[in-house]
Asks: 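Could you have a look at this structure, given as structure tokens, before my questions?
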Amino acid sequence: MCSKRIAIAGLGEIGRTVARNLAQGMPGLVLSGIATKDRMKAQAWLDRESIPCPLVSLDELPGHADLVVECAPADILDQICRPMLSAGKQVMVLSASALLPRPDLVGLARAHGGQIIVPTGALIGFDAVSAAAEGTIHSVQMVTRKPPGGLAGAPYLVENGISIDGLTSALCVFKGSARDAAAAFPANVNVVAALSLAGIGPDRTTIEIWADPAVTRNCHQIRVESDSASFTMSIENIPSENPKTGRITALSVIAALRKLTSPLQVGT
Ligand SMILES: NC(=O)C1=CN([C@@H]2O[C@H](COP(=O)(O)OP(=O)(O)OC[C@H]3O[C@@H](n4cnc5c(N)ncnc54)[C@H](OP(=O)(O)O)[C@@H]3O)[C@@H](O)[C@H]2O)C=CC1
Ligand SMILES: O=C([O-])CC(=O)C(=O)O
């Protein structure tokens with residue numbers, strides 16, 4: 001049987017870990033292409049890691065892959081998804097914040113037999129949330145606490161003149177819907193965008209975001225009330241070299257990729 005060809009768009013924190021694991025060998029999967037911005041930097045990294053893999057442009061991805069792992073800046077989501085989905089292929093999307101204002105991408109996938117896969121990423125419990133969504137979910141509330149460095153530069157902070165430099169106590173910098181949070185903090189709370197897609201949607205899912213100098217991890221707490229169960233979940237993510245991104249994110253992608261071909265699947 002032919003291996004499924006997996007390409008990576010964006011060779012940063014997540015992309016490098018996924019590339020390494022695919023290159024080391026994952027059953028039924030082969031690393032078939034990488035699209036990145038700085039090709040010289042990417043080639044130097046591939047040479048250092050002894051990973052043989054063609055570097056391709058975003059529009060060449062459909063010719064090289066059955067599935068693309070999108071782990072690039074949110075503003076190029078369209079450029080990655082449209083050619084793949086139009087060709088009836090799969091995209092695993094990490095920039096979940098950028099999906100919320102683009103429901104047409106789901107329509108494109110439907111029209112051409114493609115698929116968008118949003119992995120659990122830096123969060124937890126999408127199995128229970130999607131099971132509860134088969135019944136009636138009354139509310140999904142999330143509270144995120146990050147070290148100030150994990151929120152620095154977010155458009156909402158800049159546009160509203162909110163300074164988080166030198167904070168000595170926790171500051172609530174945002175309270176609102178997942179939809180508004182995704183627009184306000186596009187590189188910081190992809191987690192709530194993904195959670196909203198698993199559950200009751202971006203307008204009814206709510207989030208508080210705190211800049212907290214007392215935490216060293218990206219901490220997320222979720223409370224779900226439904227007609228089948230009430231549950232509370234929390235996760236404390238160790239930041240990777242990119243302080244905005246928890247280490248577990250790339251591992252979630254690897255686990256999701258492994259499920260694509262595994263003879264045993266555990267969890268919804
Ligand atoms: N769903 C979730 O739970 C989570 C989602 N994320 C999201 O995942 C995405 C990736 O995160 P992360 O790996 O930490 O990000 P990084 O910033 O570490 O890496 C992004 C990479 O994208 C590359 N890139 C920039 N422009 C282009 C382009 N035009 N074409 C191809 N590649 C490009 C950059 O390449 P170069 O180095 O050449 O500039 C960079 O290496 C982000 O959108 C992030 O917000 C993050 C954490 C959790
Ligand atoms: O959602 C994100 O973009 C990242 C995040 O909160 C985390 O890694 O904990």
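Whatever order the structure lists them in is the order used to number ligands and atoms, beginning at 1.
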Asks: Please walk me through it: do Asn190 and Leu123 pass side chain to side chain contact (heavy atoms under 4.5 Å, CB included)?
Replies: CA-CA 9 Å; Asn190 290 285; Leu123 216 56; over 6 Å; no
Asks: Of all the non-hydrogen atoms in the protein, which one sits nearest to atom 5 (C) of ligand 1, and at what distance?
Replies: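 The closest one turns out to be Leu94 O, 3.1 Å.
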Asks: Ignoring hydrogens, just give me the one of Met40, Met92, Glu13, Lys41 whose non-hydrogen atom is nearest atom 37 (O) of ligand 1.
Replies: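 Minimum heavy-atom distance to atom 37 (O) of ligand 1 goes to Lys41.
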Asks: Which atoms of ligand 2 are found less than 4.0 Å from any heavy atom of Thr245?
Replies: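 Listed by number with element: 8 (O).
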Asks: I'd like to check which ligand 1 atoms, numbered from 1 as shown, lie under 4.0 Å from a non-hydrogen atom of Ala35.
Replies: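 What qualifies from ligand 1 is 31 (C), 32 (N).
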Asks: N/O to N/O below 3.5 Å, does that happen between Gly246 and ligand 2?
Replies: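 Such a contact does occur with ligand 2.
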Asks: Counting non-hydrogen protein atoms only, what is the nearest one to atom 43 (O) of ligand 1? Give residue, atom name and distance.
Replies: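 Of the protein heavy atoms, Ser95 OG, 2.7 Å lies nearest.
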Asks: What residue and heavy atom of the protein are closest to atom 30 (N) of ligand 1, and at what distance?
Replies: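 Closest protein heavy atom to atom 30 (N) of ligand 1: Ile76 CD1, 3.5 Å.
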Asks: Please could you name the atoms of ligand 2 that Val191 approaches to less than 4.0 Å, counting only its heavy atoms?
Replies: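 Within the 4.0 Å cut-off of Val191, ligand 2 contributes 1 (O), 6 (O).
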Asks: Counting non-hydrogen protein atoms only, what is the nearest one to atom 3 (O) of ligand 1? Give residue, atom name and distance.
Replies: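 Sorting protein heavy atoms by distance from atom 3 (O) of ligand 1 puts Ala122 N, 2.9 Å first.
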Asks: So which protein heavy atom does atom 7 (C) of ligand 1 come closest to, and at what separation?
Replies: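 The closest one turns out to be Asn190 ND2, 3.5 Å.
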Asks: Between Pro186 and ligand 1, does any nitrogen or oxygen pair lie at a separation below 3.5 Å?
Replies: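 No; every N/O pair is 3.5 Å or more apart.
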Asks: Distance to 0.1 Å, residue and atom name: give those for the protein heavy atom nearest to atom 11 (O) of ligand 1.
Replies: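 Protein heavy atom at minimum distance: Ile14 CD1, 3.5 Å.
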Asks: For atom 20 (C) of ligand 1, what is the closest protein heavy atom, and at what distance to 0.1 Å?
Replies: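 Nearest protein contact, heavy atoms only, for atom 20 (C) of ligand 1 is Cys71 O, 3.7 Å.
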Asks: Work out whether the distance between some heavy atom of Ala9 and some atom of ligand 1 is less than 4.0 Å.
Replies: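 For ligand 1, residue contact (heavy atoms, under 4.0 Å) with Ala9 is absent.
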Asks: Is it the case that Gln115 and Lys89 place a side-chain donor and acceptor less than 3.5 Å from each other?
Replies: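 Per modelled atom types, Gln115 and Lys89 side chains form no pair under 3.5 Å.
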Asks: Distance alone, cut at 3.5 Å: any donor-acceptor contact between the side chains of Thr232 and Arg223?
Replies: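 A pair is found: one side chain offers a donor N or O, the other an acceptor, under 3.5 Å apart.
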Asks: What protein heavy atom sits nearest atom 4 (C) of ligand 2, and how far away is it?
Replies: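 Going by distance alone, atom 4 (C) of ligand 2 is nearest to Lys244 O, 3.2 Å.
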Asks: Can we say Arg82 and Asp104 salt-bridge, meaning some charged N sits less than 4.0 Å from an Asp/Glu carboxylate O?
Replies: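 Yes, this pair counts.
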Asks: Looking at Ala187, which atoms of ligand 2 are within less than 4.0 Å of one of its heavy atoms?
Replies: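 This gives 3 (O) as the contact atoms.
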Asks: Is Asp212 salt-bridged to Lys146, cutoff N-O under 4.0 Å?
Replies: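 A salt bridge is absent here (no side-chain N lies under 4.0 Å from a carboxylate O).
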Asks: Using a 4.0 Å cut-off to any heavy atom of His220, which atoms of ligand 2 qualify?
Replies: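 Matching atoms, with element in brackets: 5 (C), 6 (O), 7 (C), 9 (O).
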Asks: Between the side chains of Asp66 and Lys4, is the shortest nitrogen-to-carboxylate-oxygen separation below 4.0 Å, so that they form an ion pair?
Replies: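 Looking at Lys4 and Asp66, the cut-off is not met.
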Asks: Hey, mind stepping through Lys175 and Asp180 against salt bridge (charged side-chain N to carboxylate O under 4.0 Å, His left out) and telling me if it holds?
Replies: CA-CA 9 Å; Lys175 204 171 172 174; Asp180 291 344; over 6 Å; no
Asks: I want to confirm something. Looking only at heavy atoms, which of Ala72, Ala187, Pro73 is nearest to atom 42 (C) of ligand 1?
Replies: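 Minimum heavy-atom distance to atom 42 (C) of ligand 1 goes to Ala72.
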Asks: Okay, side chain of Arg204, backbone of His138: is any donor-acceptor separation there less than 3.5 Å?
Replies: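 Yes.
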Asks: Less than 3.5 Å between some nitrogen or oxygen of Thr245 and one of ligand 1, yes or no?
Replies: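 Between Thr245 and ligand 1 (N or O atoms, distance only) the closest approach is under 3.5 Å.
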Asks: Would you call the rings of Phe174 and Tyr156 parallel, tilted or perpendicular, where under 30° means parallel and over 60° means perpendicular?
Replies: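 Rings of Phe174 and Tyr156: perpendicular, as their planes differ by over 60°.
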Asks: Can you report which non-hydrogen protein atom sits closest to atom 38 (O) of ligand 1, along with the distance?
Replies: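 Looking at atom 38 (O) of ligand 1, the protein heavy atom closest to it is Asp38 N, 2.8 Å.
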Asks: Output the list of atoms in ligand 2 that are nearer than 4.0 Å to some heavy atom of Asn237, sorted by atom number.
Replies: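 Atoms satisfying the 4.0 Å criterion: 7 (C), 9 (O).
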Asks: Say whether, by atom type as modelled, one donor and one acceptor occur between the side chain of Glu70 and the main chain of Ala72 under 3.5 angstrom.
Replies: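 Checking the backbone N and O of Ala72 against the side chain of Glu70, a donor-acceptor pair under 3.5 Å is found.
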Asks: Using distance alone, with no hydrogens and no angle criterion, decide if Trp45 and Gln43 have a side-chain donor and acceptor under 3.5 Å apart.
Replies: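 Note: Trp45 and Gln43 side chains miss the donor-acceptor criterion.
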Asks: Is it the case that Ser57 and Asp59 place a side-chain donor and acceptor less than 3.5 Å from each other?
Replies: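 The criterion, which ignores hydrogens and geometry beyond distance, is satisfied for Asp59 and Ser57.
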Asks: Which of the listed options, Thr17, Leu195, Asn242, holds the heavy atom that is closest to atom 12 (P) of ligand 1?
Replies: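 Among Thr17, Leu195, Asn242, the closest heavy atom to atom 12 (P) of ligand 1 belongs to Asn242.
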Asks: Determine whether the side chains of Thr144 and His220 contain a donor N or O and an acceptor N or O closer than 3.5 Å.
Replies: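 Yes, because at least one side-chain N or O of Thr144 sits under 3.5 Å from a partner of the opposite role on His220.
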Asks: Taking non-hydrogen atoms only, is Val189 closer than 4.0 angstrom to ligand 2 via side chain, backbone, both or neither?
Replies: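 Under 4.0 Å from ligand 2, Val189 contributes backbone atoms alone.
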Asks: Give the atom numbers and elements of ligand 1 that come within less than 4.0 Å of a heavy atom of Gly121.
Replies: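 Every atom of ligand 1 under 4.0 Å from some heavy atom of Gly121: 3 (O).
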Asks: Where is the nearest protein heavy atom to atom 3 (O) of ligand 2: which residue, which atom, and how far?
Replies: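 Checked against all protein heavy atoms, atom 3 (O) of ligand 2 sits closest to Asn190 ND2, 2.9 Å.
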Asks: Side chains of Glu225 and Ser230 only: does a donor on one sit below 3.5 Å from an acceptor on the other?
Replies: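 Per modelled atom types, Glu225 and Ser230 side chains form a pair under 3.5 Å.
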Asks: Counting non-hydrogen protein atoms only, what is the nearest one to atom 5 (C) of ligand 2? Give residue, atom name and distance.
Replies: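 Closest protein heavy atom to atom 5 (C) of ligand 2: Lys146 NZ, 3.2 Å.
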Asks: Pairs of nitrogen or oxygen atoms closer than 3.5 Å, one from Leu11 and one from ligand 1: do any exist?
Replies: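 It does: an N or O of Leu11 is found under 3.5 Å from an N or O of ligand 1.
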Asks: Ignoring hydrogens, what is the shortest heavy-atom contact between Ser252 and Gly121? Give both atom names and the distance.
Replies: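 Heavy-atom minimum between the residues: OG-N, 2.8 Å.
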Asks: Of all the atoms in ligand 1, which lie at a distance below 4.0 Å from a heavy atom belonging to Val191?
Replies: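 Listed by number with element, the hits are 3 (O).
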Asks: Ignoring angles and geometry beyond distance, decide whether Asn188 reaches within less than 3.5 Å of ligand 2 through its nitrogen or oxygen atoms.
Replies: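 Yes; at least one N/O pair falls below 3.5 Å.
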Asks: Could you identify the single nearest non-hydrogen protein atom to atom 7 (C) of ligand 2 and state the distance to 0.1 Å?
Replies: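 Protein heavy atom with the smallest distance to atom 7 (C) of ligand 2: Ala122 CB, 3.4 Å.
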